[in-house]
Amino acid sequence: MDEPSKGLDPRARDRLADLLLAHLDGGGLLLTITHDLRLARRLGGDVLVMREACVVEAGTAGQVLTAGAHPYTRRLLGAEPSRWDFPWMRRGAAPAATGAPLVAAHGITKSYGAGDLFCDLSLQIHPGERWAFTGPSGAGKTTLGNALLRLTPVDAGTVVHAAATRGGRVQKLYQDPGLSFPRRVPLEVTVRAAMRRHGVPGARLAALLEQVGIAPEMLRRRPDQVSGGELQRIAIVRAMLPRPVLLFADEATSRLDVATQQVTTDVLVREVDEAGCALLLVTHDDDLAAAVADRRLELPARGRAAAPA
Ligand SMILES: Nc1ncnc2c1ncn2[C@@H]1O[C@H](COP(=O)(O)OP(=O)(O)OP(=O)(O)O)[C@@H](O)[C@H]1O
């Protein structure tokens, strides 16, 4: 199986692991290729750690995935969000919300047929806050984020945006950065068009590229000629060009391997913090949410949303 747990929430991943383990119990054989260390731990058995088409370490899952010896294995294990230790991690109480909100949702409700995704929900997003919306697949996290950005209409209630959000200063990053760049167009053309639209000087592009570790020459390539992690970093640059006041990152790192996710999230949070931008993160990953966000909203499987924490 090739990356069978990609995009699955923890409950769905556990069900998948149960299914695969039942296959083994029935005398079957299993070969899994995965970035998902939690799935690998659940499955157990023998593990090969590979890098650039070479096996760098082999052993039992118990040995390799808890106390791997090779530096690359250790880097992978250290890249899990539960082990992060970045200066920007705000451990402890969330800072108090001050000033006028950028987004104020009051009593919003949304359903697509059976049951409300969220009902009579009120929340406010202030400058510099980092929010995470978590919950199982299909709970309505993306719909809520889109409703707050006013990309999706609500059935009841109001969403009010402050004047500061006007003029492209609310930006969205997608799970698959490939979808937000035209396939056949060199990246530079797309990025330069965004700069013209927002009147961004060339020096800002150069500075942002340097901050995210992307060589300017890379923009001469098409989206399919760079890696997923590189493309997401270029998407972050494009989103930050107009100095947004609110960035909605919708599972923006969930398709990346843990090491690339760590680097990309570090870049993302440093950029939003430096800009005083608010961040709205949608994720299945509780550890990622705990590392990044100081305000959390957990959406239940389907039904009434919990109050913001
Ligand atoms: N335009 C639409 N029309 C009908 N149903 C929709 C539409 N958009 C979303 N849904 C449904 O609403 C529910 C919530 O979708 P949403 O994408 O917000 O969930 P999510 O929590 O972000 O899920 P995931 O974690 O899998 O991305 C899902 O059952 C989805 O099928």
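Remember, it's 1-based here, ligands and their atoms both numbered in the order they're listed. Note that the structure is a prediction, hence the values are computed from the model and not measured.
- For E3, the CD atom is densely surrounded, since the number of other residues' heavy atoms within 6.0 Å is greater than 12.
- Two different hydrophobic clusters hold M50 and L77 under the rule that ILVMFWY side chains link at heavy-atom gaps under 4.5 Å.
- For the ligand labelled ligand 1, residue P136 lies inside the 4.0 Å heavy-atom shell.
- Counting only heavy atoms from C-beta outward, the side chains of L187 and T190 never approach each other to under 4.5 Å.
- Under 4.0 Å is where a charged nitrogen must lie from a carboxylate oxygen, and between R233 and E210 no such pair does.
- Contacts between L117 and ligand 1, counted as non-hydrogen atom pairs separated by less than 4.0 Å, involve the side chain only.
- Residue G140 has at least one N or O atom closer than 3.5 Å to an N or O atom of ligand 1.
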CA sep, side-chain torsions, deciding dist, call: D36, R13, salt bridge (charged side-chain N to carboxylate O under 4.0 Å, His left out): CA-CA 10 Å; D36 184 341; R13 185 181 51 223; 3.6 Å; yes
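- Nearest residue to atom 22 (O) of ligand 1 from L8, D9, T142, T143 is T142 (criterion: closest heavy atom).
- Atoms of ligand 1 found under 4.0 Å from any heavy atom of A139 (numbered from 1 in listed order, with element): 19 (O), 21 (O).
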